[in-house]
Each structure stands twice: as C-alpha cells, then as structure tokens.
Amino acid sequence: MINWYPGHMTKARRAMEEDLKLVDMILEIRDARVPRSSLNPDIAELGRNKRRILLLNKADLADAALTAEWISALSSESVTVLSADARSLASVKAVRRQMDQASAEKAEKDKRRGIVSRPVRIMVVGIPNVGKSTLINSLAGRASAKTGDKPGVTRGNQWIRLGKTVELLDTPGILWPKFEDPAVGMHLALIGSINDDILPVEELASDGIALLAQRYPQALAAKYGELPTQPYEALVQIAEKNQLRKKGGDPDTEKAAARFLDDLRKGRLGALTLEDPSV
Ligand code: G4P
C-alpha cells in the first residue's frame, strides 16, 4: 500500500551512524498513540549503546493508562521515558530537566577524569510528524521556520545551543518507520502521519473502525451509536448519522470515511492508543 525507499533509507542510516559519533546521547521522539509504529528501526539498532531520553509525544491524544504501561515497558537503565505534549510548557520543562541532569552527570564525570567539560551533545531524532520541530522550537524558545522533513528536501546538520550546558543536533534527512510491516503503515496512516492523498480512504477508515471496535467499542458507540460489524455498513451508518449524502441521495461513504478519520485524529473519539506494549 505504501512505498518506501531503500536508497534513502541506506543514506539516512549512514548519516545517522556518523552523527551518532558526535553526540553523548539521543532524544528520541515517538507518537504516544502508536509507540511501536513510530519507532525508526535504525535508531533502535544504531543507538542502542547510547543513553536515551525517549519522549512519547502527543500524549494529550493518547490513552493515559496505556501511556503509563508503555513508559514502564520502554524504560531501562539507559533509557528515560517521558510522556509529553510538545506544545505545553510543562512538557518542555520536563524534557529540559532531563537534559540538565544529563549535563550535570557529564560535567561530574569529566571533572573526575580531570578534563574540561563541554556541553552535553544530544541528537534529536524522530520520524516525520511526531512533533520534532514543535519540541525543538519550544526548547529553543523561538518560532524558527520549519525546514526539511519532506521527501526530497535535504538540509544540513543544525546545532542548536540551549544555554551553556546543552547542544542539540537536529538531524537532517528522513527517518522512515518500518513500512515492511503493513500494520505499521496502517497505524501511522490512521493517526494522520501519512499524506491522505495517497491512501484509499474508505479502506483505511474500515480498518480503523475494525480496530476501534476491538479496542474501544464504547468510544465508537458514544460517537456514532452501535455500529454494524461489517465495516462498509458502519460507514453507511456514519454517513447517515452525519447526513453525508451523494447527489442522488445515497449515503456518501467516502465523506463518512474522511469524517471518521478526522474524528479519530482530532481526539473527538477520546484519547486513544492503537498499540499495546505486550503484543
Ligand atoms: P515534525 O517536526 O516531527 O514533522 O512535527 P511537527 O513539529 O511539525 O508537528 C506535527 C503536527 O503535530 C503539528 O500540527 C503540531 O502542532 C502537532 N503537535 C506536535 N506536538 C504535539 C502534541 O504533543 N500534541 C498534539 N495534539 N499535537 C502536537 P499541524 O496540524 O501540522 O500544524 P499546526 O496545527 O500546529 O499548525
């Protein structure tokens, strides 16, 4: 269903390998609604020996109980996991505190070794649309223009200094998720991380309705009433409930699909998480 580009991926992987040599730690951002699908497999593999702050972002749109489960499943000695809403000051402050702590630990270590300490260097990574620019802009305290992150657009490494103690490396290129797994493509499309123009909307919405019928039946029922189990019939009901009709008066299932996806993505079905840590 979705194309991926091995050439770009190889290039991005090499660039990441080089970039990793420059930094002390990684700030990885994922989407709290799909913590598994929004992982970049290269970060997981190449960055496994680096200390990491892992941010489950857009937590305002995710199921809080499952976010807590994900936090405990992903935390380890070398990985500190936080949930965040990159647009909120409280989250930005929490991330900053983690960075300052890492910086203080590094300064202490350098002192013991008798070397002059430099700022802690942190590489910021995340697949497109997880909120990387929002977070960097909030951290840096400026509304810098969005650059790159679109296929075909490249940009150079950008170092961003935060006070005297932290330097962020904003990485160039696009980090792809694991598109070989069809569930990954579906989950990312459902949360709106993939351009809708290239997607069969009714099929995607049907998959989404089926997934929510398993995971959050009460959220679906509260919004649209009890839905038929057959996904197409469900779209017909959503069309009727919202008075979405084609010219001749038939229910417009394509518009119903778009409406469902919009409701899901904007949180109008409630705060939902599409993946469990245990599976
Ligand atoms: P990227 O650099 O990783 O590609 O992502 P970016 O920061 O551009 O964020 C993608 C979209 O997600 C933006 O919305 C942004 O406002 C939104 N966003 C980022 N962090 C959060 C969060 O924690 N919670 C929620 N609910 N949204 C978040 P947009 O619609 O593209 O733009 P706009 O609405 O900000 O204009």
Side-chain angles (χ1 to χ4, degrees), residues 11-32 38-40 42-44 46-59 75 77-150 153-175:
K11 217 169 131 193
R13 192 185 152 90
R14 274 202 211 107
M16 188 189 295
E17 241 171 332
E18 289 307 307
D19 290 341
L20 276 168
K21 292 180 191 155
L22 305 173
V23 299
D24 304 298
M25 62 188 292
I26 297 171
L27 171 59
E28 179 188 358
I29 309 168
R30 295 195 211 167
D31 191 305
S38 56
L39 160 128
N40 170 274
D42 290 336
I43 300 165
L46 300 173
R48 67 186 177 281
N49 295 323
K50 291 270 179 194
R51 182 157 171 208
R52 244 187 310 158
I53 300 170
L54 171 52
L55 218 60
L56 299 178
N57 194 39
K58 305 199 185 182
S75 295
E77 207 173 306
S78 59
V79 185
T80 305
V81 190
L82 302 173
S83 62
D85 171 348
R87 302 161 312 164
S88 89
L89 190 61
S91 289
V92 173
K93 278 188 175 161
V95 176
R96 190 58 211 265
R97 263 198 305 279
Q98 287 297 326
M99 291 175 165
D100 287 339
Q101 193 181 326
S103 159
E105 282 166 21
K106 181 178 171 334
E108 183 59 39
K109 211 156 130 194
D110 288 345
K111 198 171 154 197
R112 279 203 304 273
R113 288 183 183 157
I115 50 180
V116 180
S117 195
R118 58 162 173 75
V120 65
R121 290 181 181 154
I122 305 174
M123 183 163 131
V124 189
V125 292
I127 65 164
N129 216 36
V130 288
K132 189 158 78 105
S133 317
T134 306
L135 181 77
I136 290 178
N137 289 345
S138 310
L139 280 167
R142 67 192 155 82
S144 69
K146 275 190 198 171
T147 48
D149 270 3
K150 299 284 181 288
V153 180
T154 48
R155 59 181 170 163
N157 274 3
Q158 212 187 347
W159 285 99
I160 298 152
R161 230 188 142 113
L162 304 182
K164 288 200 173 86
T165 53
V166 179
E167 282 175 0
L168 295 184
L169 176 61
D170 188 5
T171 49
I174 309 138
L175 306 179

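The shown structure was predicted, so the numbers you read here are calculated from the model rather than taken from an experiment.
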Closest non-hydrogen atom pair between Ile26 and Ile122, with its separation: C-CG2, 4.1 Å
Before giving the answer on side-chain contact (heavy atoms from CB on, under 4.5 Å), spell out for Gln158 and Ile136 the whole-Å C-alpha distance, their side-chain angles and the decisive distance to 0.1 Å. CA-CA 11 Å; Gln158 212 187 347; Ile136 290 178; over 6 Å; no
Heavy atoms, side chains only, cut-off 4.5 Å: are Leu139 and Leu162 in contact? yes
side-chain contact (heavy atoms from CB on, under 4.5 Å) between Lys132 and Asp170, worked out: CA-CA 9 Å; Lys132 189 158 78 105; Asp170 188 5; 3.0 Å; yes
Looking at every heavy atom in both Ser75 and Val81, which two are closest together, and how far apart are they? OG-CG2, 3.4 Å
Exercise: identify the closest heavy-atom pair between Ala44 and Leu39: CB-CD1, 3.9 Å
Going by heavy atoms in the side chains, are Val120 and Met99 under 4.5 Å from each other? no
List the atom of Met16, the atom of Leu46, and the distance in Å for their closest heavy-atom pair. SD-CD1, 4.0 Å
Which value, rounded to the nearest 0.5 Å, describes the distance between Leu82 atom CG and Leu55 atom CG? 6.0 Å
When you measure from the side chain of Ser38 to the backbone N and O of Arg30, does any donor-acceptor pair fall under 3.5 Å? no
Can any side-chain N or O of Asn57 pair as donor or acceptor with the backbone N or O of Val130 at less than 3.5 Å? yes
Nearest-0.5 Å distance, CD1 of residue Ile53 to CZ of residue Arg97: 11.5 Å
Would Leu27 and Leu135 count as a side-chain contact (heavy atoms from CB on, under 4.5 Å) if you check the C-alpha gap in whole Å, the side-chain angles of each, and the deciding distance to 0.1 Å? CA-CA 11 Å; Leu27 171 59; Leu135 181 77; 3.7 Å; yes
Closest contact, heavy atoms only, Asn129 versus Lys58: O-NZ, 2.9 Å
Considering all heavy atoms, the nearest Ser117-Ala107 contact: OG-CA, 3.5 Å
For a salt bridge (charged side-chain N to carboxylate O under 4.0 Å, His left out) with Asp24, tell me which candidate from Arg52, Lys109, Arg118, Arg51 qualifies. Arg118
Yes or no on side-chain contact (heavy atoms from CB on, under 4.5 Å) for Arg121 and Leu22, after CA distance, side-chain angles and deciding distance? CA-CA 7 Å; Arg121 290 181 181 154; Leu22 305 173; 5.6 Å; no
Under 3.5 Å, is there a donor-acceptor pair between the side chain of Ser138 and the main chain of Thr134? yes
Reported CZ-to-CD distance for the pair Arg14 and Glu18, which is rounded to 0.5 angstrom: 10.0 Å
Got a second to check how far Leu54's CG is from Ser83's OG, nearest 0.5 Å? 10.5 Å
In this structure, CD1 of Ile43 is separated from NZ of Lys50 (nearest 0.5 Å) by 14.0 Å
